[in-house]
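As structure tokens, the structure follows; a few thoughts come after it.
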Amino acid sequence: MPGSTQDQVMTDAQSTRPEEDEHYDPAPDQDRIRVLSGATDTAASFQFDGEDHTLGNALRYIIMKNPDVEFCGYSIPHPSENKMNLRIQTYDNVSVYTVLDKGLDDLMDMCDVVIDKFTIARDDFNAQKQNA
Amino acid sequence: MSSQNYSYNPSGQQASAPVTAESGRSVEYTCGDCDASVQLKRGEPIRCRNCGHRVLYKQRTNRMVQFEAR
Amino acid sequence: MPKIPTQEELEQRKRVQINAETVTNAQSNDFPHHWPGEDHSWNLDYFKSQFRVKFEKNERYDAEFSLIGLDTSVANAFRRILIAEIPTLAIETVFINQNTSIIADEVLAHRMGLVPLTASRKGLDWMSWYREPTEEDRGSGQPMDYNACQLRLEAACTWLDDDAINRANRGETDPNKLYKNHSIYAKDLVWVPSGQQNDKFEEPLRPTNPDILLVKMRPGQKIELFVQAIKGIGQDHAKFSPVATASYRLMPTIDITKPILGQDAKKFARCFPKGVIELEKVTEEEASEKKELEGKEGELKAVVKNPMRDTVSRECLRHPEFKDKVKLGRVRDHFIFKVESTGQWDSDLLFLESVKLLKVKCERVKRGLDAMMG
């Protein structure tokens, strides 16, 4: 005789979902930042877990726009591992951590501007199409 | 109780324990020639009822099998 | 005394030179300390003042727009997120009760995973992530109404009527005249809503393209299965990518340095896609103004009309008649994006989501940095 069949896998109940599900991150390896050895206050290498060229290149560009930065570059040590290294060297007495923080803030501001301008342009274009 | 059929590899295999055969149960086979359904119990001679062909094929299991759509 | 570059000089800096066999000046150079005496440090107001978005097309699942004033690294970040990191619902697990068709179980499961699904945006946004049960916590990761959707597919192929077998024997081969349910399409996948899904989903969960052929069958074969669809990202598996593709290209430029006239002009226009180059008659005043056009009044002159449509094949550089009279290039900060959605997200929402996700990435890194700094 045929074996037991598995029927309803889904729970039909009106269940409340746990709060933590809202913050669940699908990207593998939640972000961890490490400072690699040999770092000083004006020259340091950071290692990001779970990041790749997407954030790396954009962050490098924004940090390079900072006039206090002597050097900024990123690399991915091995493509099989999901790690990204970012090296920042600053002039004189500027702290690398401040520079990294500012870079992230600047990138977020840039995203805000893009969202605003895009939404306005999209709405204008749709309105124009409606009237035409 | 839930018997979860879990697949750990993309081809997905069932993981249930084998069913102990009882002589009270008959299993359906398909005849090689005439495609008729043949019920046989343990120990019965292996022959199709209609055409007498001696090659019978076992039908696909009715157990649920789980696969990853990857 | 800081030198202020002219508008023309600024234009040239942004121009990627496309030569017959090389491409030059492709690197961004708007960094501080690169141009002596000029300040190129990050200035949000300056960025805001010169950044523009221009739409070409905004259909529901196909959007084409230009982002002008952005850097390559950021535009690429948006493109990468569009392809790989926007959460999409797709079939992940297939539970097969019966499959006597000739398509193997795992092949059928693979095909079903690739079928793009669509539903109301509100319902899809309401859904959260599904996690597999872990070894340590056996109770975790149950599929619930808020993180997994169930669809069902049940079909059996039969002879169309009693006479069908005879027709087949007589030589009829058209499956539509012989069998019933011989081809199973994506539209045969039926959604089985459960719990709160009934309320949250205004539009039912269904495949975007109902005419995708999944499997062909013959009489006596049947398929009985149900599937679980969950949210995932493209990084995990390509079936979770919300775009057919998302791409961008740089705005091409064509500079005619010396006038191209007459037959040459016609040949020149043929080197480019239709609409890029148009022929115009040389006017009297042009003939009197420019030395090269002296006496050429009335002749046809090549004029650049719509460089956006150019595909930069560099064909014109292969002909000695005008290869020294034209300069090809691309504007380094003008990105023409094309976002082709598979149907689950609207194209313009996709881009907005991608920018938001870049922000979320930055916020995540910031939190990690703060945690590390103590």
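Note that these values count all heavy atoms, side chains included, but never hydrogens, waters or copies made by symmetry. To find a chain, count down the sequence lines: A is the first, B the second, and so on, and within it residues start at 1.
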Can you tell which of [options] has the highest number of heavy-atom pairs within less than 4.5 Å of chain A?
| options | answer |
| --- | --- |
| C:V74, C:D39, C:V365 | C:V365 |
| C:L70, C:L44, C:I81, C:T72 | C:L44 |
| C:S41, C:G368, C:S28 | C:S41 |

Contact class of [X] relative to chain A, heavy atoms under 4.5 angstrom:
| X | value |
| --- | --- |
| C:E224 | neither |
| C:F51 | both |
| C:N58 | both |

Atom pair OG1 (A:T119) and CZ (C:F351), whose distance is rounded to the nearest 0.5 Å: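 Going from the OG1 atom of A:T119 to the CZ atom of C:F351 covers 10.0 Å.
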Minimum heavy-atom separation for C:M372 and A:I33, please, with both atom names.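 So the minimum-distance heavy-atom pair works out to SD-O, 3.5 Å.
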Using every non-hydrogen atom in the two residues, find where C:A77 and A:A58 come nearest and quote the distance to one decimal.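 That closest heavy-atom pairing would be CB-CB, 4.3 Å.
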Who wins among A:I120, A:D68, A:N57, A:L55 for the most heavy-atom pairs under 4.5 Å with chain C?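 That would be A:N57.
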Mind ranking A:V69, A:L59, A:D52, A:N66 by heavy-atom pairs under 4.5 Å with chain C and telling me who comes out on top?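 Of A:V69, A:L59, A:D52, A:N66, A:D52 has the most heavy-atom pairs under 4.5 Å with chain C.
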Can you name the one residue among C:K361, C:R79, C:R80 that meets side-chain hydrogen bond (donor to acceptor under 3.5 Å, both in side chains) with A:T54?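 For A:T54, the side-chain hydrogen bond (donor to acceptor under 3.5 Å, both in side chains) test succeeds with only one of C:K361, C:R79, C:R80, which is C:R80.
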Given side chains that start at C-beta, do those of [X] and [Y] come closer than 4.5 Å, heavy atoms only?
| X | Y | answer |
| --- | --- | --- |
| A:D101 | C:M373 | no |
| A:M64 | C:H34 | no |
| A:F48 | C:L369 | no |

Does [X] [atom1] have over 12 foreign heavy atoms under 6.0 Å away?
| X | atom1 | value |
| --- | --- | --- |
| C:R52 | CZ | no |
| C:K222 | NZ | no |
| C:N198 | CG | yes |
| A:Y91 | OH | yes |
| C:K48 | NZ | no |

Relative to each other, are the rings of C:F55 and A:F118 parallel, tilted or perpendicular (30° and 60° limits)?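 Tilted.
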Just to verify, which of C:D71, C:D30, C:N43 counts as forming a side chain to side chain contact (heavy atoms under 4.5 Å, CB included) with A:K65?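 Of the listed options, the one satisfying the test is C:D30.
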Listed by residue number, which members of residues 105-114 of chain A have a heavy atom under 4.5 Å from any heavy atom of chain C?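 At a heavy-atom separation under 4.5 Å, chain C is reached by A:D105, A:D106, A:L107, A:M108, A:D109, A:M110, A:C111, A:D112, A:V113, A:V114.
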Residues of residues 122-131 of chain A contacting chain C, heavy-atom criterion under 4.5 Å, by residue number: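 Counting heavy atoms that sit under 4.5 Å from chain C, the residues of residues 122-131 of chain A involved are A:R122, A:F125, A:N126, A:K129.
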Can you check side-chain contact (heavy atoms from CB on, under 4.5 Å) on A:I115 and C:K356, steps first, answer last? CA-CA 8 Å; A:I115 290 179; C:K356 282 186 208 150; 3.9 Å; yes
